[in-house]
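Step one of this worksheet: look at the structure below.
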2 protein chains.
Amino acid sequence: MRWHIPRSHPRYESLMLRERLVEAFEEGIVVPQGLIAHGRGEAFDYILGERSHEFAVEAERVTAAHLILSSKPIISVNGNYAALAAEEIVKLSIETGAPIEVNLFYRSEERIAKIEKLLVDHGAPKVLGTKCEKTLIPGLESPRGIVCKEGIYTADFILVAIEDGDRTQALKRIGKKIAAIDLNPFSRTAQTADITIIDEALRATKNMVNIAKEFKTLEREAVEQLTLNYNNKTILSKAFKTIMQRLEEATAKGFIIEF
Amino acid sequence: MRWHIPRSHPRYESLMLRERLVEAFEEGIVVPQGLIAHGRGEAFDYILGERSHEFAVEAERVTAAHLILSSKPIISVNGNYAALAAEEIVKLSIETGAPIEVNLFYRSEERIAKIEKLLVDHGAPKVLGTKCEKTLIPGLESPRGIVCKEGIYTADFILVAIEDGDRTQALKRIGKKIAAIDLNPFSRTAQTADITIIDEALRATKNMVNIAKEFKTLEREAVEQLTLNYNNKTILSKAFKTIMQRLEEATAKGFIIEF
């Protein structure tokens with residue numbers, strides 16, 4: 001099923017990511033529903049022109065700042081996020097000092113172990129998953145609500161990616177501050193998060209690694225300053241305006257979406 | 001992995017279709033790339049409000065007319081289309097007299113046989129696939145260009161659904177008249193087809209079955225009349241305007257897309 005995609009293809013990155021997802025699916029890291037979710041994201045990324053817009057980078061800067069400044073941050077990783085960006089997630093964990101928890105909507109201990117191994121093989125310093133003490137998020141039935149006590153359950157700041165709306169809302173209800181990577185600005189996750197990163201997960205994570213490196217050269221106060229004036233409603237509106245603009249331009253050009 | 005979806009859920013139909021796709025995938029009818037493609041369609045259907053708009057019904061009426069009036073029509077069926085609408089495809093074939101060809105982008109004889117069996121089990125009178133004389137569509141490499149000589153290759157009118165852009169373009173180049181079911185009005189298939197049905201495949205096919213039944217009560221000339229003034233550019237523009245309107249309404253309501 002593998003096919004050659006020429007580097008010159010205008011949608012090279014997107015097609016490579018798609019193949020990467022299918023491979024991860026064959027390895028048992030991604031579930032079928034994860035492939036469908038990836039397709040939904042692809043549609044929004046396609047409309048947005050498959051690049052990190054200014055509204056995404058601003059949310060990424062504030063997220064990187066919170067990962068560095070929070071007293072108990074965590075990066076929640078599911079099958080899709082691991083498949084798309086394992087290497088960059090590990091780099092982000094190292095640069096910010098935030099540990100990783102493998103946490104799955106379609107939970108299976110075998111799949112958690114596979115994702116844990118993938119992250120450890122990429123050099124992750126701390127990954128919670130198979131061996132942690134488990135507890136339940138109130139309002140979510142088992143196995144969907146299972147989390148690690150020393151991870152998500154006691155975290156003050158959580159980065160999630162391509163996350164289910166019910167779970168994001170349940171985490172908000174117990175007072176967590178949440179940053180969410182989600183290409184659909186209309187999803188419940190995008191609407192519920194404190195910081196919504198409307199960007200493709202691999203690009204978003206790469207950007208945050210670079211931002212975290214830049215922050216190391218700054219005073220702590222300067223990084224704190226960044227988080228003070230953040231307004232997520234403004235970010236969502238900007239994303240929406242960009243979608244409308246892109247669609248209008250496409251129609252003016254005879255329905256051609258350019259990259 | 002199966003879960004209960006209450007009938008009262010505002011997105012019940014969409015969630016049921018998603019589960020149907022995953023089941024068909026587990027049965028070997030749908031490929032992983034087909035699940036991703038379904039997700040892309042879901043995103044556009046979500047924006048459009050998961051209903052058959054007037055621009056879709058108009059295209060469905062003209063397609064049903066062509067299936068009835070053409071001298072050699074054919075319904076091209078791939079894994080996703082079969083998974084979503086096998087029963088209704090068979091009804092459409094019976095009501096219009098158009099035979100079916102199982103034709104796959106990710107071709108495997110085993111998968112063709114499975115889809116063929118599914119359609120025959122639903123009562124399809126004529127299905128081309130495993131046993132036909134094969135030939136190649138010019139401009140498409142094997143195995144992607146393989147079609148049945150007495151089917152797609154010599155047809156004058158082809159209905160495709162959730163089809164690849166390269167294949168739609170190759171069929172146009174050899175002079176075929178094409179109707180395409182595709183939820184993304186910006187896709188190459190949507191832009192290339194003579195008739196673009198911007199609707200979910202199951203809803204579109206159900207509608208066409210009812211339309212074909214209605215046409216049986218009309219004179220042939222009245223049905224012909226319908227096809228004369230059809231303008232696909234107008235249909236695409238209407239779909240586009242509806243997308244813009246829905247997005248604007250959603251933002252006005254605080255980013256909530258209602259169904």
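Just so it is clear: chains get the letters A, B, ... in the order the sequence lines come, proteins before strands, and each one is counted from 1.
Not a single side chain to side chain donor-acceptor pair (under 3.5 Å) links B/Glu88 to another residue, sequence neighbours left out. Qualifying side-chain contact (heavy atoms from CB on, under 4.5 Å) partners for A/Glu249, counting only residues two or more places apart in sequence or in other chains: A/Gln245.
Residues of residues 198-206 of chain B placed with any heavy atom under 4.5 Å of a heavy atom in chain A are absent; none qualify.
Annotation for A/Lys172: atom NZ counts as buried by contact number, over 12 foreign heavy atoms lying within 6.0 Å. The 12-atom threshold is not exceeded at CD of B/Glu54, counting heavy atoms of other residues, nucleotides or ligands nearer than 6.0 Å. Residue A/Glu110 qualifies as open at atom CD: its count of foreign heavy atoms under 6.0 Å is 12 or below. Residue B/Lys134 places its NZ atom among more than 12 non-hydrogen atoms of other residues, nucleotides or ligands, all under 6.0 Å distant.
For the pair B/Ile47 and A/Phe44, the minimum side-chain heavy-atom distance is below 4.5 Å. Put simply, the side chain of A/Thr251 does not reach to within 4.5 Å of the side chain of B/Leu236, judged on heavy atoms.
The ring pair (Phe, Tyr, Trp, His ring centres under 6.0 Å) contacts involving residues 161-184 of chain A comprise nothing, where partners must be two or more places apart or lie in separate chains.
The parts of B/Phe186 that come within reach of chain A are both its backbone and its side chain, each placing non-hydrogen atoms under 4.5 angstrom from that chain. B/Ile243 touches chain A through its side chain: at least one heavy atom from C-beta onward sits under 4.5 Å away, while N, CA, C and O do not.
Of the residues B/Leu35, B/Val22, B/Leu21, the one that meets the side chain to side chain contact (heavy atoms under 4.5 Å, CB included) test with A/Gln33 is B/Val22.
Put simply, of B/Glu42, B/Arg188, B/Lys233, the one with the most heavy-atom pairs under 4.5 Å next to chain A is B/Glu42. The greatest number of non-hydrogen atom pairs below 4.5 Å with chain B, out of A/Ser108, A/Gly39, A/Ala43, is found for A/Gly39.
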Would A/Arg40 and B/Arg40 count as a side chain to side chain contact (heavy atoms under 4.5 Å, CB included) here? Give the steps. CA-CA 4 Å; A/Arg40 287 197 297 280; B/Arg40 286 196 298 279; over 6 Å; no
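The two residues A/Asn184 and B/Tyr46 come nearest to each other via the heavy atoms ND2-CE2, 4.0 Å.
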